[in-house]
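Letters A, B, ... mirror the listed sequences (proteins, then strands); counts begin at 1.
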Protein chains: 2
Amino acid sequence: MPDKFHPQTRSAPGGAHDATRRALLDAGADVFAEVGFHHATVRDICRRAGANVAAVNYHFGDKETLYAEVLAEQSRLAMALHPLPAAGPDTTPAQRLEDFIRAFLQRVLSAELSARHGRMMAREMVEPTRALDRLVAESIRPQSAALSVILRDLVGPGPSEETLRLLGMSVVGQILFYCHCQPVLIRLFPGMPFNAERLDTLTLHITAFSLAAVRGLSQPPVAPARVPRRPKTPSPPAGRRRRS
Amino acid sequence: MPDKFHPQTRSAPGGAHDATRRALLDAGADVFAEVGFHHATVRDICRRAGANVAAVNYHFGDKETLYAEVLAEQSRLAMALHPLPAAGPDTTPAQRLEDFIRAFLQRVLSAELSARHGRMMAREMVEPTRALDRLVAESIRPQSAALSVILRDLVGPGPSEETLRLLGMSVVGQILFYCHCQPVLIRLFPGMPFNAERLDTLTLHITAFSLAAVRGLSQPPVAPARVPRRPKTPSPPAGRRRRS
DNA sequence: AGCAGTTTGAAACAGGTGTTTGATTCTGTC
DNA sequence: GACAGAATCAAACACCTGTTTCAAACTGCT
């Protein structure tokens, strides 16, 4: 009466049949990354996989399960291909921050993976599926924790956890910008790629920017030219309404 | 033989009929922001607008034109409600940067507008429609230029245009993070809102972070502890492949 | 009131979607 | 070689989508 059994349920890995299963995962990765979950049609995926329309439902139960499987696999793949380099005891926090930023950028922009992981994540931000909860638990939260450790080493014991979170988001925000805003970047600076080609430039810039920021914030009163308080209009819509 | 005339083509603004046209724009804004262009159904929009299914096609020609109109209007609205405060000659660059960041955050997170503009922009990043070109030309490019002017005043004439662009993207990346990554933030830090409520916190943090960064980068050789070069493994896939 | 033009409404259309079906082929095992 | 189970296939199903149709209601004139 409930769902039927689908092959993926049987965890038996030695199955001889799963050539089409693999083909579906690969085709699915391409299609989902290109057009997103809802634009993707199982007919298209099956065509590219050289399989029948019924293949998705036979091997995965439904389209959404295939999607979740693809997303998880792409995430594992990106993480395996571009892991955070192990830090020795002599590795400075600054170097570890650069490593973190470079690995993160590689994972989301990587040309080898056609930036599939980054694109799928960006889509997941805009219309989250059930797969996101798993991804946050298994991948994002550990990364967030790793970044917090690095930042803590940089800023010392002073700043609160809350401050540390904000610092982390400033770093990650810079990274993800190049992943999430490609359509605008292409239109705003045409002919100037902000993708895997420029990975090193971006890594070094974001690292330098963030390090300067963190160091500047850690030793607060450097204040070369304290801004002279101006009238300060905190009410936003007060601006310029007076043309009648 | 070609398209029929649709009311919006006639620019006559005084028309008495456009109550349903307005209702469609309003309902469309809600629905498009909530579920995105492709998930949105004209039936749903029309139901909320208290109009017939045919209303969208009658008043706008098709769904995509309605969408473009809604997007443009929301953009204008966000810009009008949270304009960049005019800067007097005595306004410091630092203050102008804060103004820019606050206005930007307000536009994308604003509760008054239910963050509609920000959400629609985020979706546009993931699956751009034709409406994006217009938006870049009319709204994003001017904003980008305004930010560049502020940053130029902060860093002086030294840094290249290219560097200025990177600085700008670091600032905007931090801002948009809170707009684009809400689904992750909610899961990662539940019960801790990173939305309009915390607008002031976010503004001050991003401003302080960016100012510290820009100042640190402008006077390069502060270098309190130059990182000692470590072996530096640049080849990413060298990791751990050896299990046979 | 009468009438042309505009605007609505219910219903239908045409096309695409994920999924299911049931027969057919393949595969490994006795 | 026979046979059970797994895997594939073409076809159909059920549903939802944007859009069209065309008659009915409404509107502002004269």
Side-chain angles (χ1 to χ4, degrees), chain A residues 1-25 27-28 31-32 34-70 127 129-131, chain B residues 1-25 27-28 31-32 34-70 127 129-131:
Chain A
M1 194 51 173
D3 311 10
K4 299 199 301 192
F5 263 73
H6 297 293
Q8 90 282 5
T9 322
R10 307 170 311 145
S11 52
H17 80 285
D18 47 20
T20 68
R21 187 186 153 83
R22 257 258 60 83
L24 286 174
L25 283 169
V31 177
F32 286 135
E34 276 174 35
V35 303
F37 175 72
H38 281 93
H39 272 101
T41 73
V42 316
R43 277 173 175 80
D44 186 17
I45 294 172
C46 289
R47 197 180 318 123
R48 299 204 202 188
N52 186 268
V53 210
V56 163
N57 296 279
Y58 180 75
H59 284 274
F60 295 91
D62 58 11
K63 182 189 172 187
E64 181 162 356
T65 306
L66 167 62
Y67 173 79
E69 213 107 341
V70 165
E127 35 201 281
T129 68
R130 279 171 241 150
Chain B
M1 196 52 176
D3 311 10
K4 300 199 301 192
F5 263 74
H6 297 292
Q8 90 282 5
T9 322
R10 307 171 308 143
S11 52
H17 80 287
D18 48 20
T20 70
R21 186 186 153 85
R22 256 260 59 83
L24 286 174
L25 283 169
V31 177
F32 286 135
E34 276 174 35
V35 303
F37 175 72
H38 281 93
H39 271 104
T41 73
V42 315
R43 278 173 176 79
D44 186 17
I45 294 172
C46 289
R47 196 179 320 123
R48 298 205 202 188
N52 186 268
V53 211
V56 164
N57 295 280
Y58 179 76
H59 285 274
F60 295 91
D62 57 12
K63 182 189 172 187
E64 180 162 356
T65 305
L66 168 60
Y67 173 78
E69 214 106 341
V70 165
E127 34 200 282
T129 68
R130 278 171 241 149

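Rounded to whole angstrom, the span from the CG atom of A:Asn57 across to the C1' atom of D:dA10 amounts to 15 Å. Whole-Å rounding puts the B:Lys63 NZ to D:dT17 C1' distance at 8 Å. B:Phe60 places its CZ atom 16 Å from the P atom of D:dT20, with the value rounded to the nearest Å. The nearest whole Å value for the distance from the NE2 atom in A:His59 to the P atom in D:dA6 is 12 Å. Atom P of nucleotide D:dC22 and atom OH of B:Tyr58 are separated by 17 Å, given to the nearest angstrom. Atom-to-atom, CG of B:Leu24 to C1' of D:dG18 comes out at 14 Å; the value is rounded to the nearest Å. Between the CD atom of B:Glu64 and the P atom of D:dT17 there is a distance of 18 Å, rounded to whole Å. Look at CG on A:Asp18: it is 15 Å from P on D:dA6, rounded to the nearest Å.
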Carefully, step by step, assess B:Asp62 and B:Val42 under the rule side-chain contact (heavy atoms from CB on, under 4.5 Å).
CA-CA 9 Å; B:Asp62 57 12; B:Val42 315; over 6 Å; no
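Not a single donor-acceptor pair under 3.5 Å links the side chain of B:Asp18 to the backbone N or O of B:Arg21. Using a distance-only test at 3.5 Å, with no hydrogens or angles considered, a donor-acceptor pair links the side chain of A:Lys63 to the main chain of A:Ala40.
The aromatic rings of A:Tyr67 and A:Phe32 sit perpendicular to each other, their planes meeting at more than 60°, with 30° as the lower class boundary.
For DNA chain C, the neighbouring residues in residues 37-50 of chain B, judged by any heavy atom under 4.0 Å, are B:Arg43.
The side chain of A:Thr20 sits closest to D:dT8 out of D:dT19, D:dT8, C:dG18. Side-chain atoms of B:Val53 lie closest to D:dT19 of the nucleotides D:dT19, C:dT19, C:dT20.
Comment: A:Glu69 does not engage A:Arg130 in a salt bridge, judged by the lack of any side-chain N to carboxylate O separation of less than 4.0 angstrom.
A close approach under 4.0 Å does occur between a side-chain nitrogen or oxygen of A:Asn52 and OP1 or OP2 of D:dA10.
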